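Note sheet for the following structure.
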Amino acid sequence: MKRSEMEYCPIRDVMALASDKWSILIILYLGYYPVLRFNQLKKKVYGISNKVLSERLKVLESDGYLSRTLYPEVPIRVEYELTDFGHSYLQKILDLSEWVTTYSDQIMANRKKYANAQG
């Protein structure tokens, strides 16, 4: 067994994507807009560089969250959309967002209480 196979942790690997703000934003926008081109995504995911967007799209495609369709036109047109798997992940992100919205006041109160206790 290779060293990299021994160190692989599926939870850590998947959660790395789940905690990556760029990937989450890409998935959220593709959930709202069924099909987007690279430049459309770039405009919507404010602040992301071309390099980072390209890298994240490749990872999301390789993991099966989205599909990439290349049209042999001049200039070349490339479109991205969520797969069924990507839509199932989007639902979990939305569930977590709802949970955060429900408990945000409690979280802020807990932080304030903790800060006051620390002096």
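None of these values were measured; they are calculated from a predicted model.
With a 4.5 Å cut-off on side-chain heavy atoms, Val52 and Arg56 count as touching. Residues Ser67 and Glu81 are in side-chain contact: their nearest non-hydrogen atoms beyond the backbone lie under 4.5 Å apart. With contacts defined as side-chain heavy-atom distances shorter than 4.5 Å, the pair Tyr89/Phe85 does not qualify. Contact annotation: the side chain of Ile93 approaches that of Ile24 to within less than 4.5 Å [non-hydrogen atoms, C-beta and beyond].
Note that the CZ atom of Arg68 and the CG atom of Leu60 stand 13.0 Å from one another [nearest 0.5 Å]. Atom NE2 of His87 sits about 4.5 Å away from atom CG of Leu82, to the nearest 0.5 Å. Separating the NZ atom in Lys92 from the CG atom in Leu90 is a distance of 11.5 Å, to the nearest 0.5 Å. Atoms CG and NZ, on Leu36 and Lys43 in that order, are 11.5 Å from each other to the nearest 0.5 Å. How far CG of Leu41 is from CG of Leu25: 10.5 Å, rounded to the nearest 0.5 Å.
Without hydrogens or angle criteria, Ser23 side chain to Asp20 main chain gives no donor-acceptor distance under 3.5 Å. Under a 3.5 Å cut-off, the side chain of Ser62 and the backbone N or O of Val59 do form a donor-acceptor pair. Listed for the Lys42 side chain is a donor-acceptor partner under 3.5 Å among the backbone atoms of Ile48. A side-chain donor-acceptor contact under 3.5 Å links Thr102 to the backbone of Glu98. When atom types are taken as modelled, the side chain of Thr83 and the backbone of Tyr65 share a donor-acceptor pair closer than 3.5 angstrom. Counting only distance, with no hydrogens or angles, the side chain of Gln91 and the backbone of Ser88 share no donor-acceptor pair below 3.5 Å.
In this view, Glu79 and Arg77 satisfy the salt bridge (charged side-chain N to carboxylate O under 4.0 Å, His left out) rule, not counting sequence neighbours.
Here the closest non-hydrogen pair linking Tyr80 and Arg37 is CD1-C, 4.5 Å. Nearest approach of Ile27 to Gly86, heavy atoms of both residues: CG2-O, 4.5 Å.
Around the CD1 atom of Ile11, the shell of radius 6.0 Å holds no more than 12 heavy atoms that belong to other residues, nucleotides or ligands. Around atom CG of Asp84, no more than 12 heavy atoms belonging to other residues, nucleotides or ligands sit under 6.0 Å away.
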Could you go through residues 104-119 and list every donor-acceptor pair under 3.5 Å that involves a side-chain atom there, pairing it with any protein atom two or more places apart or in another chain?
residue: Ser104; atom: OG; partner: Thr101; partner atom: O; Å: 3.4
residue: Asn110; atom: ND2; partner: Gln106; partner atom: O; Å: 3.3
residue: Asn116; atom: ND2; partner: Lys112; partner atom: O; Å: 3.4

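Taking the six-membered ring where tryptophan is involved, the planes of Tyr29 and Tyr33 are essentially parallel, since the angle between them stays under 30° and well short of 60°.
A continuous path of ILVMFWY side-chain contacts below 4.5 Å connects Tyr32 to Trp22, so both sit in one hydrophobic cluster.
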